[in-house]
Peer 1: 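Input: one structure, supplied below.
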Amino acid sequence: MTGNAKQYDAIIIGSGFGGLYALYHLRDKMGLNVRAFDGAGGVGGTWWYNRYPGARVDAPSSPFYAYTFSQELVDDWEWKETQTVGPDVLAYLEHFADRFDLLKDIQFETWITDARYDEAAQRWTIETDAGETATAQFLICAVGALFVANKPDYPGIDDFAGVSFHTGRWPHEKVSFAGKRVGVIGTGSSGIQSIPEIAKGAAHVTVFQRTPQYALPARNRPISKEELSRYREDWDDLRMSMRRRGGWPFKTNRRRASDYAPEQRQAVYEELWEEGGIHLSINSYVGVMSDKELNDEVSEFVRGKIREIVRDPETARKLMPDYHFGTKRLILDNGYFETYNRDNVSLVDLREDPIEKFTHASVCTKHGEHPIDMLVLATGFDAVSGSMLNLNPKGRGGVSLKEKWERRFDNYLGATIAGFPNMFMIHGPGAPGVFFAMPLGGELTTAFIGDCIKHIHDKNLGAVEATIDAETSWDREINEIANRTLYPRTNSWYMGANIPGKPRQFLGHLRGSHYFDRLSEVAAGGYEGFVFEPVREEVTS
Ligand code: N01
């Protein structure tokens, strides 16, 4: 089977932020023979697929939603806005791939149809949809935390005869909404970013909302040349700050709410609302995400803002979020609530008026029929675990990941899985993922993977694998951190709650800086929680 197979030291699946950096690091910094595969037609991952109107960086500021490791790269890229548009992020990733000559080692438009560990050879074998086979000692899964589109299965949805798009699979051609009645289902980040843009062009937009959201004004603004120069000059310090401060180089306020009078706290919320971005969540008072009373106060403050912005009181009522502020992904918006003041936008609250079925030309809810020409599904993803399960690697004894993860997404350090030797994940369940700056998170995770591979090579070992005990204690550690907060109380994709039947489990690590300290400690301490196998006789002979 491996006779004609191409052989590599490492195979990387995915060429988004994580996969591209892994290719650079393993190939150029470590000198390994590496091949990357991607089903897409080009680099970019998330940014290759999510081309819906209004897609923007929703992180604090574009220069920090970028690779940090290379001063040259920082110096030669001109970020134009704090919340840069999707095509600019894609252009940045294309530039990165070009500058470091990565394209020659990436095979695009190639889906991996099988990935299987060969215990005797201590290697992974992959098969592609083109019928090719390749083997490698290490398999690096950079398959994206938000890749597998969640498509609702309403009765008749496939009978809808108009044009229909999922935001996470947006076409490359420009989509015109002119003269169209557009139905949008979903009001997460993708819906809230796209609805104002769609409304500017469409004849009418009907938003079908299941859960009202807290969204904070992004206050997107141009980045001046002087500001960029400052970042470039201080880059080493900024990078260290990002690493230490949960991914972003900002000092967070450590004041305690109980030391301030209610009017003083309101004044602070006002100031931070005006500042925009995530400041209201990270910079008000300690404990917003863990102290219910404080969280209630901030939640009510944002509800008050929505009431102020939205003119029609009935629409404003439907837009009132009632879960704990911040426990779903915080959304940075560009005129979302204001959009409901337009004459061509209406809101259907699915909690009061659920969708019953689709016809070829309309959405039928309990209380009415809504004719549409176009349907936009902003319904999110089978997040974090979904893309690994989509790949469904087969580990020791041929056991598939689907079998292993039937009830729980067990893993160690968010990067490895017992029963799957020599396989690593970037941004897997149990890693900080979206709770940290993802590009930097990818760099730091790859450094850990690279060090582990080096350890194996230096010691002439054959394979590394997490232990079941390590997975159990890791699971406990992640949950202890999450359970100190309000996050697990909300039905969100963080909890797997957006996908019917998906096991409920907190899918991230909330303390990113601490997490990367842990990775360093594990490596420095000789890889506690892992077992190493010597090179097998049949491999060396
Ligand atoms: O997906 P979501 P998203 N019927 O899961 C609703 C990142 N991101 O694509 O809340 C009706 O957040 C669902 O309702 P509910 C970011 O991390 C980054 O918007 O589950 N509605 C919700 O309103 C983000 O968190 C950027 O009750 C249904 C919406 O669809 C993540 O991607 C931009 C439904 C889905 O919201 C995912 O965001 C965009 C159904 N059957 C996204 N099923 C950046 O700018 C689901 N919904 C970097």
Side-chain angles (χ1 to χ4, degrees), residues 16-17 44-47 49-62 64-66 81-90 144-155 157 165-170 183-195 197 207-215 218 220 277-278 319 321-323 326-334 336 347-351 353-356 358 363 365 375-384 386-387 427 432-439 490-500 502 507-508:
F17 261 108
T46 287
W47 299 98
Y49 288 103
N50 285 264
R51 296 171 186 239
Y52 58 83
R56 281 177 182 277
V57 166
D58 68 351
S61 192
S62 305
F64 309 115
Y65 181 79
E81 294 175 289
T82 52
Q83 272 77 38
T84 267
V85 290
D88 274 3
V89 184
L90 186 60
L146 297 154
F147 172 68
V148 175
N150 171 39
K151 191 181 162 202
D153 62 352
Y154 289 115
I157 193 165
F165 303 117
H166 189 283
T167 46
R169 291 290 178 280
W170 202 261
V184 182
I185 303 182
T187 51
S189 308
S190 307
I192 286 182
Q193 285 186 337
S194 58
I195 288 163
E197 295 303 313
V207 179
F208 298 91
Q209 168 198 268
R210 188 163 72 180
T211 307
Q213 284 274 18
Y214 301 96
N220 178 44
I278 60 168
L319 286 167
D322 57 6
Y323 63 93
T327 52
K328 281 174 179 270
R329 166 78 172 188
L330 256 186
I331 299 171
L332 305 187
D333 84 274
N334 288 283
Y336 172 67
L347 178 66
V348 177
D349 181 349
L350 297 181
R351 295 171 305 175
D353 188 12
I355 295 174
E356 294 193 325
F358 276 71
V363 184
T365 58
L375 175 64
V376 174
L377 296 172
T379 43
F381 304 90
D382 181 355
V384 190
S387 38
H427 304 311
V434 299
F435 294 104
F436 195 82
M438 285 186 99
T490 297
N491 287 331
S492 65
W493 66 253
Y494 297 156
M495 294 297 296
N498 62 329
I499 301 295
K502 183 166 175 170
L507 287 167

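In listed order, ligands and their atoms are each counted from 1. These numbers come from the heavy atoms of this one structure, side chains and all, not from hydrogens, waters or symmetry mates. The structure displayed is predicted, hence computed values, not measured ones.
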Peer 1: Are His166 and Phe381 an aromatic pair by the rule of ring centers under 6.0 Å?
Peer 2: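 Here the rings of Phe381 and His166 have centres that are less than 6.0 Å from each other.
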Peer 1: Using a heavy-atom cut-off of under 4.0 Å, does the side chain or the backbone of Arg56 touch ligand 1, or both, or neither?
Peer 2: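 Just the backbone.
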Peer 1: Of the non-hydrogen atoms in Ala383 and Trp493, which two are nearest, and what is the gap between them?
Peer 2: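 The pair with the smallest heavy-atom distance is CB-CE3, 3.3 Å.
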Peer 1: Is the Phe17 ring parallel, tilted or perpendicular to the Tyr65 ring (thresholds 30°, 60°)?
Peer 2: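 Judged by the thresholds at 30° and 60°, the geometry between Phe17 and Tyr65 is perpendicular.
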Peer 1: Give the minimum heavy-atom separation between Leu332 and Ala59, together with the two atoms involved.
Peer 2: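 Closest heavy-atom pair between Leu332 and Ala59: CD1-O, 4.1 Å.
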Peer 1: Any N or O on Tyr154 sitting closer than 3.5 Å to an N or O of ligand 1?
Peer 2: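 So ligand 1 has an N or O lying under 3.5 Å from an N or O of Tyr154.
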Peer 1: Listed by chain and number, what are the side-chain hydrogen bond (donor to acceptor under 3.5 Å, both in side chains) partners of Glu356, not counting sequence neighbours?
Peer 2: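 side-chain hydrogen bond (donor to acceptor under 3.5 Å, both in side chains) list for Glu356, sorted by chain: empty.
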Peer 1: Looking only at protein heavy atoms, identify the closest one to atom 27 (O) of ligand 1 and say how far it is in Å.
Peer 2: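 The closest heavy atom on the protein side is Thr211 OG1, 2.4 Å.
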Peer 1: Can you say whether the rings of Tyr494 and Phe435 are parallel (under 30°), tilted (30 to 60°) or perpendicular (over 60°)?
Peer 2: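 Geometry flag for Phe435 against Tyr494: tilted rings.
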Peer 1: Is it the side chain, the backbone, both or neither of Trp47 that has a heavy atom closer than 4.0 Å to ligand 1?
Peer 2: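 The part of Trp47 near ligand 1 is the side chain, not the backbone.
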Peer 1: For Arg351, what residues pass the salt bridge (charged side-chain N to carboxylate O under 4.0 Å, His left out) criterion, not counting sequence neighbours?
Peer 2: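 Counting only residues at least two positions away or on another chain, Arg351 forms a salt bridge (charged side-chain N to carboxylate O under 4.0 Å, His left out) with Asp322, Asp349.
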Peer 1: Among all protein heavy atoms in this structure, tell me which lies nearest to atom 39 (C) of ligand 1, with the distance rounded to 0.1 Å.
Peer 2: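 Of every protein heavy atom, Tyr52 OH, 3.1 Å lies nearest to atom 39 (C) of ligand 1.
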Peer 1: If you measure from atom 35 (C) of ligand 1 to every heavy atom of Ser190, Pro354, Ala59, Ala378, which option wins on shortest distance?
Peer 2: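 Residue with the shortest heavy-atom distance to the ligand atom: Ala378.
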Peer 1: In the protein, what heavy atom is nearest to atom 48 (C) of ligand 1, and what distance, to one decimal place, separates them?
Peer 2: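 For atom 48 (C) of ligand 1, the nearest protein heavy atom comes out as Asp58 OD1, 3.1 Å.
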Peer 1: What residue and atom, counting heavy atoms only, is the protein's closest point to atom 32 (O) of ligand 1, and at what distance?
Peer 2: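 The closest one turns out to be Leu146 CD1, 3.3 Å.
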Peer 1: Taking C-beta and beyond as the side chain, do Ile185 and Leu377 meet within less than 4.5 Å on heavy atoms?
Peer 2: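 The answer is yes, as the side chains (C-beta and beyond) meet within the 4.5 Å cut-off.
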Peer 1: Please could you name the atoms of ligand 1 that Asn150 approaches to less than 4.0 Å, counting only its heavy atoms?
Peer 2: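 Near Asn150, the atoms of ligand 1 are 43 (N), 46 (C).
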Peer 1: Are any of the N/O atoms on Lys328, whether in the backbone or the side chain, positioned under 3.5 angstrom from an N/O atom of ligand 1?
Peer 2: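 For ligand 1, there is an N or O atom that lies under 3.5 Å from one belonging to Lys328.
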Peer 1: Looking only at protein heavy atoms, which one is nearest to atom 14 (O) of ligand 1, and what is the separation?
Peer 2: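 For atom 14 (O) of ligand 1, the nearest protein heavy atom is Arg210 NE, 3.5 Å.
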Peer 1: So which protein heavy atom does atom 25 (O) of ligand 1 come closest to, and at what separation?
Peer 2: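 So the nearest neighbour among protein heavy atoms is Trp493 NE1, 2.8 Å.
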Peer 1: In the protein, what heavy atom is nearest to atom 1 (O) of ligand 1, and what distance, to one decimal place, separates them?
Peer 2: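 Scanning the protein heavy atoms, the shortest distance from atom 1 (O) of ligand 1 goes to Gly380 CA, 3.1 Å.
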Peer 1: Can you tell me how far apart CG (Leu330) and CD (Gln213) are? Round to the nearest 0.5 Å.
Peer 2: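 If I round to the nearest 0.5 Å, the distance is 9.0 Å.
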Peer 1: Within the 4.5 Å heavy-atom criterion, are Arg169 and Tyr52 side-chain neighbours or not?
Peer 2: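 When only atoms from C-beta onward are counted, Tyr52 and Arg169 do not touch, as no gap falls below 4.5 Å.
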Peer 1: For atom 21 (N) of ligand 1, find the nearest protein heavy atom and state the residue, atom name and distance (0.1 Å precision).
Peer 2: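 I find the closest protein heavy atom is Ile185 CG2, 3.6 Å.
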Peer 1: Which pair of heavy atoms, one from Ile331 and one from Ser189, lies closest together, and at what distance?
Peer 2: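 Heavy atoms only, the tightest pair is CD1-N, 3.5 Å.
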Peer 1: Counting from 1, what ligand 1 atoms have a heavy atom of Gln193 closer than 4.0 Å?
Peer 2: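 In order of numbering, the contacting atoms are 33 (C), 45 (O).
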Peer 1: Ignoring hydrogens, just give me the one of Ala145, Gly186, Ser189, Pro152 whose non-hydrogen atom is nearest atom 41 (N) of ligand 1.
Peer 2: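 The residue whose heavy atom sits nearest atom 41 (N) of ligand 1 is Pro152.
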Peer 1: Taking non-hydrogen atoms only, is Leu350 closer than 4.0 angstrom to ligand 1 via side chain, backbone, both or neither?
Peer 2: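 Just the side chain.
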